[in-house]
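Please see the structure below; I have some questions.
Each residue takes its place number in the sequence, starting with 1.
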Amino acid sequence: MKEDETLTLDTQSLRLILAGVFADVSEAVIVTDVDRRVVMTNTAANNLFRYSAAEFAGLFTAELYERQQDFEELGATRYNAQADDVHRTYLMRYRRRDGSVFEGETTGGVIRDSEQGSPMFLGIVRDVSSRIATDKVLHALHQITSDPTRGFEQRQREIIELGAQHFGLPYGVVAQIVDQRYEIMEALSPDGSMAAGEVYDVSDTYCWHVLAQRGPFGVHHAAESQLCAHPCYEKFKLEAYLGAPIAVDGRVYGVLSFSSSLPTTAFGQRDYDLMGMFAQWLGHEIAREQDLTALRVAHERLHRLATHDELTGLGNRRLLVEQFDHELDRGHRYAHSLSVALIDFDHFKQLNDRYGHAAGDAALKLFARLARQTLRTSDTIGRWGGEEFLALLPETPLSAAAGTLERLIAAMRDTPLEIDGETIPLTVSAGVTSTRGDEAPEQVLKRADEALYRAKDDGRDRVHCR
């Protein structure tokens, strides 16, 4: 037998051996000749690239690459007769017969049938598109949630948008569920059919199935499933749905879901696992926002307790001193007038002695309500001490301030206190002044106090300016 005939026989035998070895391997296996034309594939390769065995036979493998440049570069470095026998693993983008592209983790290199024979090339390909997409989306989730410049609303929105893009489901919903009440808190809805604030019975939503099985739930073609008669399908015609429960501090808060009016391919375990991670990350965001909100509320409450009078709800002396300094500084800087008034109840001791301290407290609260109604939002009034109040009226000349105080005194006069069926008339007196140049607070207050005493001396229930 001639030498080349022996080589041909050996090559044919090697092909048969390879075909038998790789027949049932789950990864795609492709063997080519020295010209890089397909001589053997296994069933997994046929399924992955969507070619039949007959279509694969003799196919020039350049057809399998997304980019011609990649095919040429691998030919120059790895798939040629002079290449070494080491099989290396690399990542490559391939094109299927239908034109779709996927990421393939490839282990490949030269195989030889003899020292002198022509080489063949072996490639073992694993579709890792899903794994790479998952890695990318987890990286994006980390970027969204770890960025301190993003607020909660932005983070929540971007998480929903990322999930909708990854799963290929355009509708995204964050719903809070309390008992049977399903309320949409945030919605990504291309056609506007879903919006935040909408409320449904949870049994009318696909999310009921998420809660029932306490984990991710999905349907890829509702019309061909038991959900074809579901109220949600009848109302929204959602063919594909993927959702998972959102847990906040160990309790079910609601459900994160993505959906589409078009059917999709069946969801795999990787989809359900990732859906659960999306909901878990969003649950952490909601918990963090709730904690921050509670902290802000507590801080505001503590600040209010420190700066406001508990009985009247008006500012206390501490707040008034701070605001007085601020208004004086602003008035000096911009040459604006600041009017200051001291207001004091008339015969307040007699009210307490005759009707008790509860009546005195009620009178103080009544005055606080009338003061808030009469003064502007830019004005400040607070309890200076006992039954005395201090009012700061920025950018207000003395005459205008006097008019404001006259209205407040009239309102007090016209609003008697009702105690145990008895009508008790109340009056207050006020002394008002305006700042004069670069004065210290003590100078202004001294002048306002002198004006108040003059109002008392003149008969009470009146305003005196100085």
Does Arg95 pair with Glu66 as a salt bridge, N-O distance under 4.0 Å?
->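 Salt bridge between Arg95 and Glu66, a charged N being under 4.0 Å from a carboxylate O: no.
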Any ion pair linking Asp70 and Arg67 (charged N to carboxylate O, less than 4.0 Å)?
-> yes
State whether Asp379 and Arg376 are salt-bridged, where the test is any N-O pair (Lys NZ or Arg NE/NH1/NH2 against Asp/Glu carboxylate O) under 4.0 Å.
-> yes
Do other residues, nucleotides or ligands put more than 12 heavy atoms under 6.0 Å from Gln165 CD?
-> no
Are Tyr94 and Phe49 an aromatic pair by the rule of ring centers under 6.0 Å?
-> yes
Please assess Arg383 against Glu388 for the test salt bridge (Lys or Arg N to Asp or Glu O under 4.0 Å), listing each intermediate value before the final yes or no.
-> CA-CA 6 Å; Arg383 192 174 178 185; Glu388 191 175 45; over 6 Å; no
Please round to the nearest 0.5 Å and tell me the distance separating atom OG1 of Thr134 and atom CG of Leu138.
->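 Going from OG1 on Thr134 over to CG on Leu138, the span is 6.5 Å.
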Run the numbers on Glu239 and Lys237 for salt bridge (Lys or Arg N to Asp or Glu O under 4.0 Å), then give the verdict.
-> CA-CA 6 Å; Glu239 290 286 0; Lys237 289 295 185 290; over 6 Å; no
Out of curiosity, Gln154 CD to Glu161 CD, how far, rounded to the nearest 0.5 Å?
-> 9.5 Å
Give, for atom CG of Leu162 and atom NZ of Lys136, the distance between the pair rounded to the nearest 0.5 Å.
->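 With rounding to 0.5 Å, CG (Leu162) is 12.5 Å from NZ (Lys136).
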Examine the side chains of Gln269 and Asp273 and answer whether a donor and an acceptor come within less than 3.5 Å of each other.
-> yes
Do the side chains of His220 and Pro263 get nearer than 4.5 Å, heavy atoms only?
-> no
Tell me, with the steps shown, if His209 and Leu227 meet side-chain contact (heavy atoms from CB on, under 4.5 Å).
-> CA-CA 10 Å; His209 297 276; Leu227 297 182; 3.3 Å; yes
Find out whether Gln290 and Tyr253 are in side-chain contact, i.e. whether some heavy atom of one side chain is under 4.5 Å from a heavy atom of the other.
-> yes
Identified ring pair (Phe, Tyr, Trp, His ring centres under 6.0 Å) partner of Phe258 from the options Phe167, Tyr171, Tyr206, Phe267 |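 Exactly one candidate clears the test, Phe167.
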Salt-bridged, Arg330 to Glu395, with N to O below 4.0 Å?
-> yes
Verdict with reasoning, Met185 to Val173, per side-chain contact (heavy atoms from CB on, under 4.5 Å) = CA-CA 8 Å; Met185 308 304 291; Val173 170; over 6 Å; no
Ionic contact status for Asp361 with Lys365, cut-off 4.0 Å = no
List the steps, then state whether side-chain hydrogen bond (donor to acceptor under 3.5 Å, both in side chains) holds for Ser339 with Ser434.
-> CA-CA 4 Å; Ser339 290; Ser434 289; 2.8 Å; yes
Could you check whether the rings of Tyr241 and Phe217 sit parallel, tilted or perpendicular, using 30° and 60° as the cut-offs?
->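 It falls in the tilted class, 30° to 60°.
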Look at the rings of Phe367 and Phe389 and say which category their plane angle falls in: under 30° parallel, 30 to 60° tilted, over 60° perpendicular.
->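 Plane angle between 30° and 60°, so tilted.
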Tell me, yes or no, whether the heavy-atom count around Asp85 atom CG, taken from other residues, nucleotides or ligands under 6.0 Å, exceeds 12.
->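 Yes, the 6.0 Å shell around CG holds more than 12 heavy atoms from other groups.
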So among Ile343, Val428, Asp414, which one has a side chain to side chain contact (heavy atoms under 4.5 Å, CB included) with Ile409?
-> Val428
Please step through side-chain contact (heavy atoms from CB on, under 4.5 Å) for the pair Tyr182 and Glu198, ending with a clear verdict.
-> CA-CA 8 Å; Tyr182 171 104; Glu198 294 180 0; over 6 Å; no
Paired with Asp84, the side-chain hydrogen bond (donor to acceptor under 3.5 Å, both in side chains) test is passed by just one of Arg88, Gln82, His87, namely Arg88
Which pair of non-hydrogen atoms, one from Leu238 and one from Met194, has the smallest distance, and what is that distance?
->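 Of all heavy-atom pairs spanning Leu238 and Met194, the closest is CD1-CE, 3.8 Å.
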Which is it for Arg126 and Thr106 under the side-chain contact (heavy atoms from CB on, under 4.5 Å) test, yes or no, and what are the steps along the way?
-> CA-CA 6 Å; Arg126 306 165 190 84; Thr106 307; over 6 Å; no
Report, as yes or no, whether the 6.0 Å neighbourhood of atom CD on Gln226 holds more than 12 heavy atoms from other residues, nucleotides or ligands.
-> no
Can you say whether the rings of Phe71 and Phe60 are parallel (under 30°), tilted (30 to 60°) or perpendicular (over 60°)?
->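 Answer is perpendicular, since the angle exceeds 60°.
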Would the number of heavy atoms belonging to other residues, nucleotides or ligands and lying under 6.0 Å from CZ of Arg333 be above 12?
->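 Yes, the 6.0 Å shell around CZ holds more than 12 heavy atoms from other groups.
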Out of curiosity, Asp249 CG to Ile286 CD1, how far, rounded to the nearest 0.5 Å?
->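 Answer rounded to 0.5 Å: 10.5 Å.
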Over 12 non-hydrogen atoms of neighbours within 6.0 angstrom of NE2 in His303 = no
Is there any ring pair (Phe, Tyr, Trp, His ring centres under 6.0 Å) pair reaching into residues 120-144, and which pairs are they, with sequence neighbours excluded?
->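 For residues 120-144: Tyr79-Phe121.
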Taking atom types as modelled, is there a side-chain donor on Ser189 or Asp191 under 3.5 Å from an acceptor on the other?
->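 Yes.
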Side chains of Asn46 and Thr43: donor-acceptor distance under 3.5 Å anywhere?
->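 No donor-acceptor contact under 3.5 Å links the two side chains.
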Inspect the contact between Glu289 and Arg296 and indicate whether a charged nitrogen and a carboxylate oxygen are less than 4.0 angstrom apart.
-> yes
Begin with the C-alpha distance, continue with both residues' side-chain angles, and end with the deciding distance and a verdict on salt bridge (Lys or Arg N to Asp or Glu O under 4.0 Å) for Arg288 and Asp291.
-> CA-CA 5 Å; Arg288 179 164 63 176; Asp291 290 343; over 6 Å; no
Do Ile144 and Ile159 come within less than 4.5 Å of each other through their side chains, counting heavy atoms only?
->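 Yes, their side chains come closer than 4.5 Å.
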Could you walk me through whether Arg304 and Glu310 pass the salt bridge (Lys or Arg N to Asp or Glu O under 4.0 Å) check?
-> CA-CA 9 Å; Arg304 184 171 181 80; Glu310 185 177 359; over 6 Å; no
Can you check whether Leu141 reaches Met277 side chain to side chain, under 4.5 Å on heavy atoms?
-> no
Decide if atom CZ of Arg96 counts as having more than 12 heavy atoms of other residues, nucleotides or ligands within a radius under 6.0 Å.
-> yes
When rounded to the nearest 0.5 angstrom, what distance separates CG in Asn316 from CD in Glu322?
-> 8.5 Å
Between Glu103 and Arg131, is there a salt bridge with N-O shorter than 4.0 Å?
->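 Looking at Glu103 together with Arg131, the answer is no, because their closest N to O distance does not fall below 4.0 Å.
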Quick one: CZ on Arg36 to CG on Leu64, what's the gap to the nearest 0.5 Å?
-> 10.0 Å
